[in-house]
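Excluded from the calculations below are hydrogen atoms, water molecules and symmetry mates; all remaining heavy atoms, backbone and side chain alike, are included. None of these values were measured; they are calculated from a predicted model. Residue numbering restarts at 1 for every chain, and letters A, B, ... go by the order of the sequence lines.
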Amino acid sequence: MRIATFNINGVVKRLGNLLDWLAEAKPDVVCLQELKAADPDFPAAALAAAGYGAVWRGQRTWNGVAILARDAEPILTREALPGDGDDRQPRYIEAAVNGVLVASLYAPNGNPQPGPKFDYKLAWMARLHAHAEELIAAGVPVVLAGDYNVTPEPRDVYPTRSYDDNALNQPEPRAAYARLLAQGWTDALRSLNPEEEQLYTFWDYRRNRWERNGGMRLDHLLLSPAAAERLEEAGVDREVRGRENASDHAPVWVRFAEA
DNA sequence: ATGTCGAGCAAAGCTCGA
């Protein structure tokens, strides 16, 4: 079983890119972020024709998350992150697929920092921490996949000073990410590549950062213990980032042993 | 400070977010 996460940066604009990658990679489950589409505009019919059932929560212009399942319908278990009933930004969706509980999340970017957007980022991470605590206590296989908008460590940023003030690389969000791991989650990609420096998943459109490999590692799959014990392989489909009309993120995926 | 990209608004370029 393979589960992937992909910040698509506009699911309508990049539907062709998505369908091409689905046909090649054939992931069993896909967590999408930054749909940037209202719910009625989500391309459910095209994805169904490609063999994928879907649940999604969208919004015009910004945010939006979805979970796709190959030859299956994801069973929706949650459509928002608990802890703030006034938060209307679609950044979290959760579903059961083939015995695994899967969440697709899009953490706030938080720039510029300091400021209200950074405060919202930290508050959102605290809400994620509280919910993740409940999920891990359930003892079932859980995958928290998405764009965390955090580089876990300095080595997850290419060697540069130009990102020093970026919200993604500050001590507070890194500490929030570390607190998640301390609950018992496994950072799948890092756990299988403990020494690798260049595990980037995002390259900004500006300043030729793709061509220069000026990337960051922002997209993570966190595994509960019951999921981690089945982990066999993890990777980044880097070449997808170099294609025509590409998202600024590449897909990241894990492969599990069959239960 | 800059860069790129896309969408929205509104009718073409600006503004905003990332």
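- Atom C1' of dA10(B) sits at a distance of 16 Å from the matching atom of dC16(B), rounded to the whole Å.
- If you take atom P in dC5(B) and the same atom in dA1(B), they sit 23 Å apart, rounded to whole Å.
- Closest to the side chain of Arg207(A), out of dA7(B), dT2(B), dT4(B), is dT2(B).
- Nucleic acid contact for Asn63(A): none, since no nucleic acid atom lies under 4.0 Å from a heavy atom of the residue.
- Classification of Asp156(A) and Arg190(A) as a salt-bridged pair holds, one side-chain N sitting under 4.0 Å from a carboxylate O.
- Residues Tyr158(A) and Tyr200(A) place their aromatic rings such that the two centres sit no closer than 6.0 Å.
- Of the candidates Leu68(A), Ile67(A), Ile93(A), Asp147(A), Leu32(A) forms a side-chain contact (heavy atoms from CB on, under 4.5 Å) with just one, namely Leu68(A).
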What pairs of nitrogen or oxygen atoms, one from the protein and one from nucleotides 11-14 of chain B, lie under 3.5 Å apart?
none

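- Regarding contacts with the backbone of dG6(B), every side-chain N or O of Arg60(A) stays at 4.0 angstrom or more from both OP1 and OP2.
- Scanning residues 35-44 of chain A for heavy-atom distances under 4.0 Å to DNA chain B yields an empty list.
- A parallel orientation is assigned to the rings of Phe42(A) and Trp56(A), their planes being inclined by less than 30° (bins at 30° and 60°).
- For Asn245(A), whose side chain is taken as the heavy atoms from C-beta onward, the closest listed nucleotide among dG8(B), dT4(B), dG6(B) is dG6(B).
- Within residues 150-163 of chain A, no residue has any heavy atom under 4.0 Å from DNA chain B.
- Note: His249(A) and Phe202(A) have tilted aromatic rings, judged against thresholds of 30 and 60 degrees for the angle between ring planes.
- dA7(B) and dA12(B): their C1' atoms are spaced 15 Å apart (whole Å).
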